[in-house]
Student: 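Can you read through this structure? Questions will come right after.
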Amino acid sequence: MEGGGGTAYNPRTVEQVFRDYKGRRNGIIKALTTDVEDFFQQCDPDKENLCLYGFPSEQWEVNLPAEEVPPELPEPALGINFARDGMQEHDWLSLVAVHSDAWLLSVAFYFGARFGFDRTDRKRLFNMINELPTIFEVVSENAKKQTKEKLSVTNHSNNKSKSNTKGRGTESHGRIDDEELDEEHGDTLCGACGENYASDEFWICCDMCERWFHGTCVKITPAKAEHIKHYKCPTCSSKRPRP
């Protein structure tokens, strides 16, 4: 394998292997986060077995696997493109991330074996690698961040209905405080049943107490919510105004 710059790259010390690992890792993270649209397009399911390569230069590439057997370096997972359209995009990216983590470890310890790292060196290399988040963790955190950003968006026009779902592919109803977002790792509890939400469920927020409710718990459907300008939950509706 070449190092993304056209020249062979063979790290020989623990520090060099770790730099190689970080460069390849950063390249793959780019593909799965900032360059995800480009990466998605390159993984055409109609093409042959494709692999995601990361290079020490922090670049990435989608390409066919090496032809020589055995290859110069361990090869990434084959055929990542075939599952692209058969899964939710986040699930597919997470799967690629998991396989990429495994590939990076195999490359790092391939170098370790090739250049005779002893037990102490292998342990030091692993500890250095283990201090960094895995690619899977980075991709998952990026997805959570995007979800929080969507949930925190306020309505820009008073003419828009606030009664929208919290589910996948919809806007938020009002806003959720950052503290509430952080609670239970970003999970919000229904004000009626106390259960967490699922991405495929309809949710509505009370404009009075700002608590979220399953639509089924308060007997509000998405169609009905479209005609509600200011929603009051059953508790707030039952409160009598002070004289």
Side-chain angles (χ1 to χ4, degrees), residues 29 32-34 36-37 40 83-101 130-243:
I29 287 174
L32 300 182
T33 55
T34 57
V36 67
E37 291 185 12
F40 186 89
R84 190 195 74 177
D85 295 341
M87 304 174 65
Q88 292 289 334
E89 182 175 323
H90 169 63
D91 293 336
W92 175 66
L93 292 174
S94 296
L95 182 63
V96 175
V98 169
H99 282 292
S100 296
D101 280 320
N130 203 38
E131 287 298 313
L132 297 174
T134 64
I135 296 175
F136 174 76
E137 289 170 336
V138 173
V139 170
S140 298
E141 188 62 32
N142 185 65
K144 289 180 182 178
K145 181 180 178 181
Q146 291 179 349
T147 300
K148 286 185 179 183
E149 289 173 352
K150 290 179 181 178
L151 293 173
S152 299
V153 171
T154 57
N155 291 323
H156 297 290
S157 171
N158 291 329
N159 294 327
K160 290 184 178 179
S161 170
K162 288 185 177 181
S163 303
N164 291 317
T165 67
K166 187 184 175 182
R168 186 176 301 162
T170 56
E171 296 179 354
S172 300
H173 170 59
R175 70 181 293 278
I176 301 179
D177 292 335
D178 291 338
E179 292 182 359
E180 187 176 1
L181 285 170
D182 292 335
E183 186 179 356
E184 297 296 327
H185 306 289
D187 289 339
T188 305
L189 302 180
C190 174
C193 68
E195 295 295 326
N196 299 101
Y197 83 94
S199 60
D200 59 348
E201 292 179 315
F202 171 76
W203 274 56
I204 190 167
C205 183
C206 175
D207 287 291
M208 300 297 291
C209 65
E210 297 185 351
R211 289 187 298 169
W212 287 80
F213 299 86
H214 291 108
T216 54
C217 290
V218 291
K219 298 181 180 180
I220 300 292
T221 64
K224 186 176 180 180
E226 290 295 327
H227 302 286
I228 301 175
K229 291 184 178 180
H230 300 285
Y231 174 68
K232 289 184 180 181
C233 68
T235 301
C236 291
S237 297
S238 64
K239 291 181 180 178
R240 295 180 179 180
R242 293 183 179 179

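Scope of the values below: all heavy atoms of this structure, side chains included, with no hydrogens, waters or symmetry mates. As the structure is a computational prediction, the values presented were derived from the model and not from experiment.
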Student: Of the non-hydrogen atoms in Cys236 and Lys232, which two are nearest, and what is the gap between them?
Tutor: CB-CB, 4.4 Å

Student: Tabulate below the donor-acceptor pairs under 3.5 Å that side-chain atoms of residues 215-223 make, not counting sequence neighbours, or state none.
Tutor:
from	atom 1	to	atom 2	distance (Å)
Thr221	OG1	Lys224	N	3.1

Student: Run the side-chain contact (heavy atoms from CB on, under 4.5 Å) test against Leu132 and tell me which residues pass, sequence neighbours left out.
Tutor: Phe18, Tyr21, Lys22, Arg25

Student: Nearest 0.5 angstrom please: Leu93 CG to Ile135 CD1, how far?
Tutor: 12.0 Å

Student: Is the Phe40 ring parallel, tilted or perpendicular to the Trp92 ring (thresholds 30°, 60°)?
Tutor: perpendicular

Student: Write down the atom of Met87, the atom of Leu95, and the distance for their closest heavy-atom approach.
Tutor: SD-CD2, 4.1 Å

Student: To the nearest 0.5 Å, tell me how far His214 NE2 sits from Trp203 CH2.
Tutor: 4.5 Å

Student: If I take atom SG from residue Cys205 and atom CZ from residue Phe213, how far apart are they, to the nearest 0.5 angstrom?
Tutor: 8.0 Å

Student: If you compare all heavy atoms of Glu89 against all heavy atoms of Val36, which two are closest, and at what distance to 0.1 Å?
Tutor: OE2-CG2, 4.0 Å

Student: Applying side-chain contact (heavy atoms from CB on, under 4.5 Å), can you list everything that pairs with Val98, at least two apart in sequence or on another chain?
Tutor: Phe136

Student: Can you name the nearest heavy-atom pair linking Arg211 to Gly191, along with the distance?
Tutor: NH1-O, 3.7 Å

